[in-house]
Amino acid sequence: MLDTDVLVAALRSSRGASRQLLRCALDRRFELLLSVPLLLEYEAVLTRPQHLAACGLSAAEVERVVDDLAAVARPVRLAFRWRPRLSDPNDDMVLETAVNGNAHAIVTFNRRDFEGVSRDFGCAVILPGTALQQMRSSNP
């Protein structure tokens with residue numbers, strides 16, 4: 001599953017692993033997990049004026065990207081809450097989606113914020129570049 005910071009990076013730069021992961025998600029090359037709260041956060045963060053200015057897209061264009069992600073993602077119902085668990089409440093939302101959706105990994109730039117998740121929940125916390133490398137090695 002993708003943390004919001006990965007989508008921010010994907011929209012702000014056409015280069016890099018984050019953009020490639022976004023394309024892979026849209027092409028259904030891996031199963032993207034989304035809960036309603038996480039989807040709402042994606043939209044709220046990605047349509048902030050500073051992100052729109054940096055990526056050169058309108059709010060409507062970003063909302064279409066978010067809608068496209070919702071269309072290809074596996075919806076996750078949050079049957080169990082794990083709050084408060086992490087220092088940032090928005091990270092708790094990511095963790096809840098990952099755990100309730102049985103995610104193999106949380107892809108994020110903020111690995112430190114998810115300290116203990118791998119140990120306590122058996123869900124890897126990895127950087128976008130690592131996720132892309134793992135995808136490529138498992139699907140040559």
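Note that this is a predicted model, so its numbers are computed, not measured.
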Might you point out which heavy atoms bring [X] and [Y] nearest each other, and give the distance in Å?
X: L132; Y: C24; answer: CD1-SG, 4.5 Å
X: R48; Y: A44; answer: CG-O, 3.5 Å
X: A73; Y: L34; answer: CB-CD1, 3.6 Å
X: D3; Y: D91; answer: OD2-OD1, 4.1 Å
X: L33; Y: A103; answer: CD1-CB, 3.5 Å

Spatial distance of atom [atom1] ([X]) from atom [atom2] ([Y]) [nearest 0.5 Å]:
X: F121; Y: R119; atom1: CZ; atom2: CZ; result: 10.0 Å
X: S35; Y: M1; atom1: OG; atom2: CE; result: 6.5 Å
X: L95; Y: D113; atom1: CG; atom2: CG; result: 12.0 Å
X: L39; Y: M93; atom1: CG; atom2: CE; result: 10.5 Å
X: T97; Y: R77; atom1: OG1; atom2: CZ; result: 13.0 Å

- Task: Consider only side-chain N and O atoms of Q20 and R136, and report whether a donor and an acceptor are under 3.5 Å apart.
- Result: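 Yes - a donor-acceptor pair under 3.5 Å links their side chains.
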
Distance-only donor-acceptor pairs under 3.5 Å for side chains of residues 61-70, two or more places apart:
unit_1, atom_1, unit_2, atom_2, d
E61, OE1, S58, N, 2.7
E61, OE1, S58, OG, 3.3

Please tell me if the side chains of [X] and [Y] come closer than 4.5 Å, counting only heavy atoms from C-beta onward.
X: T108; Y: V94; answer: no
X: V8; Y: F109; answer: no
X: L46; Y: L52; answer: no
X: R74; Y: L32; answer: no
X: L7; Y: D5; answer: no

Q. Ignoring hydrogens and geometry, is there a side-chain-to-backbone donor-acceptor pair from S118 to C123 under 3.5 Å?
A.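 Answer holds: yes.
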
Task: Contacts of type side-chain contact (heavy atoms from CB on, under 4.5 Å), residue A131, not counting sequence neighbours - done: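 Partners of A131 by the side-chain contact (heavy atoms from CB on, under 4.5 Å) criterion, ordered by chain and then number, come out as L21, V107, I126.
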
Sequence neighbours excluded and cut-off under 3.5 Å, please list the side-chain donor-acceptor pairs for residues 9-17, or say none.
unit_1, atom_1, unit_2, atom_2, d
R12, NH1, H51, ND1, 2.8
S13, OG, R15, N, 3.2
S13, OG, R15, O, 3.2

Between L38 and V36, is a side-chain contact (heavy atoms from CB on, under 4.5 Å) present by the stated rule, with each step listed?
-> CA-CA 5 Å; L38 187 57; V36 170; over 6 Å; no

